[in-house]
Trainee: 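Please read through the structure below; I'll follow up with questions.
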Amino acid sequence: QVQLVESGGGSVQAGGSLRLSCATSGYTNSASCMGWFRQRPGKEREGVAALYRGGRNTYYADSVKGRFTIAQDNERNTVSLQMNFLKPEDTAMYYCAATGACGDSPYLLKEGWYNYWGQGTQVTVSS
């Protein structure tokens, strides 16, 4: 089992920044791949950013490329999502997810591959 706890959400004005963090614990060998997902009001959950912990590639949704950065800190067993130049349409509940059955591929942005999820952290961007 893997436990995931997100932190760092909050309210910010458009153009501002927030940094989300996901702390992993438990059997972290089952968290080979990590992703950030979000669910905007009235919409389905979508992949935002993801990485394979044993690789060097990162993957992003087109809507956040150039603004968001996913990074891992293996010493602290955390994965962060730095969000810059935030827009009102970034308002959503953000979830951290993990899976052990994965590889280094853009399909990591698809939620079906993940079997561990955090409770989510709310991000609200005002105009």
Side-chain angles (χ1 to χ4, degrees):
Q1 284 282 7
V2 176
Q3 291 79 45
L4 306 173
V5 179
E6 303 97 335
S7 61
S11 298
V12 66
Q13 288 192 323
S17 299
L18 282 173
R19 184 174 182 273
L20 306 183
S21 184
C22 176
T24 63
S25 61
Y27 190 59
T28 55
N29 284 345
S30 292
S32 302
C33 296
M34 302 288 298
W36 284 97
F37 291 77
R38 69 184 181 187
Q39 187 162 20
R40 294 183 280 182
K43 303 214 171 180
E44 293 186 352
R45 191 157 58 185
E46 59 181 347
V48 174
L51 57 78
Y52 172 60
R53 299 183 85 162
R56 303 171 75 174
N57 294 322
T58 52
Y59 303 98
Y60 298 94
D62 288 343
S63 59
V64 306
K65 278 181 184 175
R67 300 188 298 122
F68 290 12
T69 303
I70 186 173
Q72 58 180 321
D73 183 336
N74 290 331
E75 283 192 13
R76 294 183 174 83
N77 276 331
T78 61
V79 175
S80 62
L81 184 68
Q82 178 66 42
M83 305 185 295
N84 298 326
F85 305 108
L86 283 160
K87 304 175 181 179
E89 52 264 42
D90 294 318
T91 294
M93 183 70 79
Y94 283 73
Y95 298 91
C96 175
T99 182
C102 62
D104 197 351
S105 166
Y107 75 68
L108 292 178
L109 291 173
K110 302 295 185 183
E111 68 171 291
W113 293 101
Y114 293 85
N115 45 11
Y116 300 106
W117 292 85
Q119 293 299 307
T121 185
Q122 178 68 37
V123 171
T124 302
V125 185
S126 58
S127 57

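Since the model is a prediction, treat every value here as computed from it, not as a measurement.
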Trainee: State, to 0.1 Å, how close Gln1 and Gln3 come at their nearest heavy-atom pair, and which atoms those are.
Mentor: CB-NE2, 3.7 Å
Trainee: If you measure from NZ on Lys110 to OG on Ser105, what distance do you get to the nearest 0.5 Å?
Mentor: 10.5 Å
Trainee: May I ask you to check whether over 12 heavy atoms, not counting those of Arg76, lie within 6.0 Å of atom CZ?
Mentor: no
Trainee: Would you indicate whether the side-chain heavy atoms of Val48 and Tyr95 approach each other to under 4.5 Å?
Mentor: no
Trainee: Any non-hydrogen side-chain atom of Asn57 less than 4.5 Å from a side-chain atom of Tyr52?
Mentor: no
Trainee: Could you go through the ring-ring contact (aromatic ring centres under 6.0 Å, His included) check for Trp117 and Phe37 one step at a time?
Mentor: CA-CA 10 Å; Trp117 292 85; Phe37 291 77; 5.0 Å; yes
Trainee: Of the non-hydrogen atoms in Ser127 and Ala14, which two are nearest, and what is the gap between them?
Mentor: CA-CB, 4.3 Å
Trainee: Mind listing the closest non-hydrogen atom pair of Ala31 and Arg53 along with its distance?
Mentor: O-CD, 2.8 Å
Trainee: Does one side chain, of Asn84 or Ser17, offer a donor that lies under 3.5 Å from an acceptor on the other?
Mentor: yes
Trainee: Test your reading of the model: is there a side-chain donor-acceptor pair from Glu6 to the backbone of Thr121, 3.5 Å cut-off?
Mentor: no
Trainee: Ser21 and Thr78: which non-hydrogen atoms are nearest, and at how many Å?
Mentor: OG-CB, 4.1 Å
Trainee: Using the side chain to side chain contact (heavy atoms under 4.5 Å, CB included) definition, which of the options Leu51, Ile70, Val64 pairs with Trp36?
Mentor: Ile70
Trainee: Less than 4.5 Å apart, side chain to side chain, heavy atoms only: is that true for Arg67 and Asp90?
Mentor: yes
Trainee: With rounding to the nearest 0.5 Å, note down the distance linking OG in Ser11 to CD in Gln122.
Mentor: 7.5 Å
Trainee: Taking it one step at a time, do Trp113 and Tyr107 satisfy ring-ring contact (aromatic ring centres under 6.0 Å, His included)?
Mentor: CA-CA 8 Å; Trp113 293 101; Tyr107 75 68; 4.5 Å; yes
Trainee: Using the side-chain contact (heavy atoms from CB on, under 4.5 Å) rule, take Met34 and Cys22 through it: C-alpha gap first, then chi angles, then the decisive distance, then the call.
Mentor: CA-CA 9 Å; Met34 302 288 298; Cys22 176; 4.0 Å; yes
Trainee: Are any of the side-chain heavy atoms of Leu18 and Leu81 separated by less than 4.5 Å?
Mentor: no
Trainee: Quick one: do Lys65 and Asp62 make a salt bridge, cutoff under 4.0 Å?
Mentor: yes
Trainee: Report yes or no: do Leu109 and Tyr94 belong to one cluster of Ile/Leu/Val/Met/Phe/Trp/Tyr joined by side chain heavy-atom distances under 4.5 Å?
Mentor: no
Trainee: Does the distance from a Lys or Arg side-chain N to an Asp or Glu carboxylate O, for Asp104 and Arg56, drop under 4.0 Å?
Mentor: no
Trainee: State plainly whether the residues Glu46 and Arg38 are in salt-bridge range, i.e. N to O under 4.0 Å.
Mentor: yes
Trainee: Apply side-chain contact (heavy atoms from CB on, under 4.5 Å) to the pair Thr91 and Arg40, showing each step before the final yes or no.
Mentor: CA-CA 6 Å; Thr91 294; Arg40 294 183 280 182; over 6 Å; no
Trainee: In this structure, would Val79 and Val123 fall into the same cluster of hydrophobic residues linked by side-chain contacts under 4.5 Å?
Mentor: yes
Trainee: Can Leu20 and Met83 be said to form a side-chain contact (heavy atoms from CB on, under 4.5 Å), step by step?
Mentor: CA-CA 8 Å; Leu20 306 183; Met83 305 185 295; 3.7 Å; yes
Trainee: Ignoring hydrogens, what is the shortest heavy-atom contact between Pro88 and Ser126? Give both atom names and the distance.
Mentor: CG-C, 4.5 Å
Trainee: Just checking Phe85: does its CZ atom have more than 12 heavy atoms from other residues, nucleotides or ligands closer to it than 6.0 angstrom?
Mentor: no
Trainee: Would you check if Val125 and Lys87 make a side-chain contact, meaning some heavy-atom pair closer than 4.5 Å?
Mentor: no
Trainee: Working note: Thr99 + Tyr116, criterion side-chain contact (heavy atoms from CB on, under 4.5 Å); need CA distance, chi angles, decisive distance, verdict.
Mentor: CA-CA 6 Å; Thr99 182; Tyr116 300 106; 5.8 Å; no
Trainee: I want to check something: taking the side chain as every heavy atom from C-beta on, are Leu108 and Tyr114 in contact at a cut-off of under 4.5 Å?
Mentor: yes
